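All of these numbers come straight from a predicted model, not from anything done at the bench.
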Amino acid sequence: MSVFTIGGLLVIIVAMCAYIGGIDERKAQNVTTSPAPAENVQTVSTTVAASVSVTAPAVTTTLPPVTEGTTAPATSAAAETTALVTEAQEKAMPESTKEIIDKYTQLVNNFKEKKPAYKKKEFQALPEEYREFGSAVNVLLGIASNYMVTEEECEELVREAGSGDIVWDMPVHNTEKGCVLTDYDAVSWAKCEDMGDGTYKISFSLKEEINPQPTSAETLVPVSAHGAVMQPIATDELMTEINKITSSVPGIGVNDFSLYHRDCEFICVYNPETDEVLSITHHIVIDIAADIKFFMADINGSARLLNEMFIYDITW
């Protein structure tokens, strides 16, 4: 009884901390989606190619000859030159952290706004080597896996062009924004690579955050760095759900818990000629620490939640 009750609390904590799992926002918003057919999907490769330096091509403009009684269209030519330079700069590889984050933001926001066709897979895991709650509770932590989707069980979602599901499939949820990050100091590292096949790959990670909160769909003003790029669970909502369970069980409670978001990696492959996104990948790592009260005893421990999200086969 005692172990199962404690395990049940941990199941709630772990299961509700899933990247898009937990409190189902679609149900809260009474949003319905059409079931997507399952298809086989090839493994999404994130192999990093050698970085290649790209220099924007020089722009030259030849003005038409001036004949008697006419004036050279200097203003028009200057405007054309400026437009060509701007276009060349946009196609150049972003280098600084600000340039990379701004480019990622532009790309994913355009992806959500234009709504091309795409496929998606998302699954979770609780690696046993990162569970530290003692052998008895470790067994019960395994039960939490039943509340998640494993890689083997994951079904492929197929979305047609113009699908409204994109606002939920890609954070920030319930909006047409895929990124609202403006705090460049929150970035741990960022890079853009020439993949050698006519595409660029942006990848970056954020500095560790404890209990990052999601961005409000109403204001779109980020209150955390991870909440500006992904969709973390709101800790107050999580605690509310936990309290609903524990309030009817004397002697049982959750003193505290923390969700450490670390080493999360966000990846976007795109065509620099058209600025069309070709794939989006989110590798999410959350270390969960909990202090659970069982009558006179306090039980401390931790577990790691991994969430993988792949959006691919994008057709513009």
A.B. asks: Is there a path from L107 to M230 through hydrophobic residues (I, L, V, M, F, W, Y) whose side chains come within less than 4.5 Å of each other?
C.D. replies: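 In one cluster with L107: M230, yes.
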
A.B. asks: Quick one: does Q106's side chain have a donor or acceptor within less than 3.5 Å of a partner on D102's backbone?
C.D. replies: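 No.
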
A.B. asks: Under 4.5 Å between side-chain heavy atoms, counting indirect links through other Ile/Leu/Val/Met/Phe/Trp/Tyr residues: same cluster for I166 and V277 or not?
C.D. replies: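 Per the 4.5 Å side-chain linkage, I166 and V277 are co-clustered.
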
A.B. asks: Does a side-chain heavy-atom distance below 4.5 Å link K120 with E156?
C.D. replies: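 Answer no - side chains too far apart.
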
A.B. asks: Please determine whether residues V229 and Y260 belong to a single hydrophobic cluster, defined as Ile, Leu, Val, Met, Phe, Trp and Tyr linked transitively by side-chain heavy-atom distances below 4.5 Å.
C.D. replies: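 No, no single cluster joins them.
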
A.B. asks: Please assess Y200 against N271 for the test side chain to side chain donor-acceptor pair (under 3.5 Å), listing each intermediate value before the final yes or no.
C.D. replies: CA-CA 6 Å; Y200 289 172; N271 182 340; over 6 Å; no

A.B. asks: Which distance, rounded to the nearest 0.5 Å, do you find between the CG of L259 and the CZ of F257?
C.D. replies: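 So the CG of L259 and the CZ of F257 are separated by 5.5 Å.
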
A.B. asks: Is the ring pair F310/F123 parallel, tilted or perpendicular, if the boundaries are 30 and 60 degrees?
C.D. replies: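 Tilted, since the angle between the ring planes falls between 30° and 60°.
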
A.B. asks: Look only at the side chain of D165 and the backbone of R159, and say whether a donor-acceptor pair between them is shorter than 3.5 Å.
C.D. replies: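 No; zero donor-acceptor contacts below 3.5 Å.
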
A.B. asks: Is a side-chain donor or acceptor of Q124 paired with a backbone partner of V149 at a separation under 3.5 angstrom?
C.D. replies: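 Between the backbone of V149 and the side chain of Q124 there is a qualifying donor-acceptor contact (under 3.5 Å).
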
A.B. asks: Can you check whether E151 reaches E308 side chain to side chain, under 4.5 Å on heavy atoms?
C.D. replies: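 Not in contact.
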
A.B. asks: Keeping the roles fixed (side chain from Q213, backbone from N211), state whether a donor-acceptor pair exists under 3.5 Å.
C.D. replies: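 Confirmed, Q213 side chain pairs with N211 backbone.
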
A.B. asks: With a 4.5 Å cut-off on side-chain heavy-atom distances among I, L, V, M, F, W and Y, is there a chain of contacts connecting I210 to L206?
C.D. replies: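 Different clusters: I210 never reaches L206 through Ile, Leu, Val, Met, Phe, Trp or Tyr contacts under 4.5 Å.
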
A.B. asks: How long is the straight-line distance from OG of S205 back to NZ of K191, given to the nearest 0.5 Å?
C.D. replies: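 If I round to the nearest 0.5 Å, the distance is 11.0 Å.
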
A.B. asks: Let's go through I280 and I267 carefully: what are the C-alpha distance in whole Å and the side-chain angles of both, what is the deciding distance for side chain to side chain contact (heavy atoms under 4.5 Å, CB included) to 0.1 Å, and is it a yes or a no?
C.D. replies: CA-CA 6 Å; I280 300 169; I267 301 169; over 6 Å; no

A.B. asks: I'd like to know whether Y312 forms a side chain to side chain contact (heavy atoms under 4.5 Å, CB included) with K121, so could you lay out the CA-CA distance, the side-chain angles of the two residues, the decisive distance to 0.1 Å, and finally the verdict.
C.D. replies: CA-CA 9 Å; Y312 53 96; K121 273 200 167 189; 3.6 Å; yes

A.B. asks: Knowing that exactly one of E209, E208, H261 qualifies, which makes a side chain to side chain donor-acceptor pair (under 3.5 Å) with H226?
C.D. replies: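 Result: among E209, E208, H261, E209 is the only option passing the side chain to side chain donor-acceptor pair (under 3.5 Å) with H226.
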
A.B. asks: Would you say M170 and H282 make side-chain contact, with heavy atoms under 4.5 Å?
C.D. replies: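 Yes, close enough: below the 4.5 Å cut-off.
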
A.B. asks: Classify the ring geometry between W168 and H173 as parallel (under 30°), tilted (30 to 60°) or perpendicular (over 60°).
C.D. replies: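 Correct class here is tilted.
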
A.B. asks: If hydrophobic residues (ILVMFWY) are linked whenever their side-chain heavy atoms come closer than 4.5 Å, directly or via other members, who joins V180 in its cluster?
C.D. replies: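 Hydrophobic cluster check, V180: joined to V172, L220.
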
A.B. asks: Other residues, nucleotides and ligands only: do more than 12 of their heavy atoms fall within 6.0 Å of OH on Y184?
C.D. replies: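 Yes - once you tally the heavy atoms of other residues, nucleotides and ligands closer than 6.0 Å, there are more than 12.
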
A.B. asks: With sequence neighbours excluded, tell me which residues meet ring pair (Phe, Tyr, Trp, His ring centres under 6.0 Å) with F204.
C.D. replies: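 With neighbours one apart ignored, the set is Y104, F266.
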
A.B. asks: I need the minimum non-hydrogen distance between C192 and M93, along with the two atoms involved.
C.D. replies: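 Heavy atoms of C192 and M93 come nearest at O-SD, 3.2 Å.
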
A.B. asks: Do F111 and W316 touch side chain to side chain, with heavy atoms closer than 4.5 Å?
C.D. replies: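 A side-chain contact exists here, since the closest heavy-atom pair is under 4.5 Å.
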
A.B. asks: Under the side chain to side chain contact (heavy atoms under 4.5 Å, CB included) criterion, do L157 and K119 qualify, and how do the steps go?
C.D. replies: CA-CA 5 Å; L157 298 178; K119 297 177 181 178; over 6 Å; no

A.B. asks: Please check: side-chain N/O of T240 versus main-chain N/O of D236, any donor-acceptor pairing under 3.5 Å?
C.D. replies: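 Answer holds: yes.
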
A.B. asks: To the nearest 0.5 angstrom, please state how far the OG atom of S203 sits from the CD atom of E265.
C.D. replies: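 Spacing of OG (S203) from CD (E265) equals 5.5 Å.
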
A.B. asks: Salt bridge (charged side-chain N to carboxylate O under 4.0 Å, His left out): which pairs involve residues 173-182, sequence neighbours left out?
C.D. replies: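 Matches after skipping sequence neighbours: K115-E176.
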
A.B. asks: Closer than 3.5 angstrom, by distance alone: can the side chain of T199 be matched with the main-chain N or O of M195 as a donor-acceptor pair?
C.D. replies: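 Not a single qualifying donor-acceptor pair exists.
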
A.B. asks: With the 4.5 Å side-chain cut-off for hydrophobic clustering, are L181 and W189 part of the same group?
C.D. replies: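 No, it is not one cluster - the side chains of L181 and W189 are not joined through contacts under 4.5 Å.
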
A.B. asks: About how many Å separate SG of C268 and CG of L278, when rounded to the nearest 0.5 Å?
C.D. replies: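 If we round to the nearest 0.5 Å, L278:CG and C268:SG are 8.0 Å apart.
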
A.B. asks: Evaluate the criterion salt bridge (charged side-chain N to carboxylate O under 4.0 Å, His left out) for residue pair D275 and K103; output intermediate values, then yes/no.
C.D. replies: CA-CA 9 Å; D275 272 355; K103 191 64 179 182; 2.9 Å; yes

A.B. asks: Can you tell me how far CD of E237 sits from CD1 of I233, rounded to the nearest 0.5 angstrom?
C.D. replies: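 Result: 6.0 Å between the selected atoms.
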
A.B. asks: V285 vs R304, test: side chain to side chain contact (heavy atoms under 4.5 Å, CB included). Steps then yes/no.
C.D. replies: CA-CA 7 Å; V285 180; R304 173 167 290 183; 3.8 Å; yes

A.B. asks: At what distance, to the nearest 0.5 angstrom, does OG of S279 lie from CD1 of I314?
C.D. replies: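 So the gap between those two atoms works out to 6.5 Å.
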
A.B. asks: Is a side-chain N or O of T215 found less than 3.5 angstrom from the main chain of G227, in a donor-acceptor match?
C.D. replies: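 Flag set: sc T215 to bb G227 pair under 3.5 Å.
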
